[in-house]
Amino acid sequence: HDRSISSLKPFLLMTAGHEHIALGATALATAPAPAEHAAMSDTAAIHAMLHRQIIALWSHGDLDVVEAMYAADCVDHMPVPGQASGRAGLRQAVQLFRAAMPDLALVLDHTLARGTPDDGWGVDVWHLTGTHSGAPLFGMPASGRRVAFSGIDWLRLRGGMVSALWHVEDMALMAEQLAMPVPPPP
């Protein structure tokens, strides 16, 4: 196996706040829609999709991003309890957290892209802050407590859309910060 730097060319790592990123803080919220990806390099288009998912969808609550970026039959391999399938489930998950934490804010820390939006992968690493001052979260009434935790998303891209996603969040830390009872293992 070639382990040289040149063997890593299909991968492009972007770190928020570094000069080599073309997308500034304002541009993150308005990253290009799939139709605009043609003018970008393949990996830059994937990075734009990842930024749009975290900043526009999750941090700003723009549910139009679900229709624009996710395939109708998108599979969330790690849904929250009770989450519907497809786009409806993605909207449901965003609404659940944003209703529970009206001041919810996510910061995108890193993205990794491989392939093209038509046949590729994207990974993002983020951290979240918010106050549980709104609707109940997983059956727990608003506690007024602040949370701060991180997560990572892995997206499969096909035909310019997200066709599948896997994600891991530090839900144990969130539960501890909210003083939620943790159910025993099955």
Side-chain angles (χ1 to χ4, degrees), residues 1-80 83 85-94 97-98 104-128 149-170:
H1 293 293
D2 179 8
R3 296 185 184 265
S4 68
I5 294 295
S6 64
S7 70
L8 299 178
K9 285 183 183 174
F11 289 95
L12 177 61
L13 176 66
M14 296 182 98
T15 306
H18 285 67
E19 292 180 6
H20 66 280
I21 295 181
L23 299 172
T26 305
L28 295 181
T30 59
E36 297 167 305
H37 290 165
M40 305 176 137
S41 74
D42 290 333
T43 53
I46 294 172
H47 288 290
M49 292 174 77
L50 295 166
H51 283 98
R52 192 170 188 214
Q53 171 192 257
I54 295 301
I55 304 304
L57 176 59
W58 281 95
S59 198
H60 295 164
D62 181 358
L63 295 175
D64 292 338
V65 171
V66 174
E67 298 297 321
M69 278 187 47
Y70 293 85
D73 59 349
C74 180
V75 177
D76 183 343
H77 290 278
M78 305 172 102
V80 297
Q83 181 178 326
S85 62
R87 288 177 178 157
L90 296 169
R91 282 190 298 274
Q92 181 184 16
V94 172
F97 280 91
R98 292 198 55 77
L104 180 80
L106 277 80
V107 173
L108 186 58
D109 297 314
H110 306 284
T111 62
L112 181 68
R114 176 163 177 117
T116 71
D118 288 328
D119 184 19
W121 296 90
V123 178
D124 57 55
V125 179
W126 50 265
H127 66 274
L128 171 153
F149 61 93
S150 60
I152 185 169
D153 303 316
W154 187 298
L155 283 64
R156 179 66 169 124
L157 306 170
R158 295 205 184 258
M161 305 288 274
V162 177
S163 63
L165 69 145
W166 297 259
H167 46 93
V168 178
E169 299 83 15
D170 195 344

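Residues F149 and E169 approach most closely at CE1-CB, 4.0 Å, considering heavy atoms. Between A68 and R52, the shortest heavy-atom contact is CB-NH1, 3.6 Å. Residue A93 comes nearest to Q83 through the heavy atom pair CB-OE1, 3.7 Å, listed as atom of the first residue, atom of the second, then distance. Between M161 and E67, the shortest heavy-atom distance links the atoms CE-O, 3.6 Å. Closest approach of D109 to W126, counting heavy atoms only: OD2-C, 3.4 Å. Contact record, S59 with A105: OG-CA, 3.6 Å, taken as the closest heavy-atom pair.
Between H60 and I55 the shortest side-chain heavy-atom distance falls below 4.5 Å. With a 4.5 Å cut-off on side-chain heavy atoms, I54 and D153 count as touching.
Neither side chain, D124 nor H51, offers a donor N or O lying under 3.5 Å from an acceptor on the other.
In this structure, the side chain of D119 does not engage the main chain of R158 through any donor-acceptor pair within 3.5 Å. In this structure, R87 contributes its side chain and D73 its backbone to no donor-acceptor pair below 3.5 Å. With R98 contributing its side chain and W58 its backbone, the two residues share a donor-acceptor pair below 3.5 Å.
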**Message:** If you apply the rule side-chain contact (heavy atoms from CB on, under 4.5 Å), what do you find for L90 with V162, and how did you get there?
**Reply:** CA-CA 11 Å; L90 296 169; V162 177; over 6 Å; no
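Note that the CG atom of L155 and the CE atom of M49 stand 7.5 Å from one another [nearest 0.5 Å]. Remark: W166 CH2 to H77 NE2 distance equals 4.0 Å, nearest 0.5 Å. In this structure, OG1 in T116 is found 8.0 Å from CG in L157, a value given to the nearest 0.5 Å. Taking OG1 of T111 as the start and CD of Q53 as the end, the distance is 11.5 Å to the nearest 0.5 Å.
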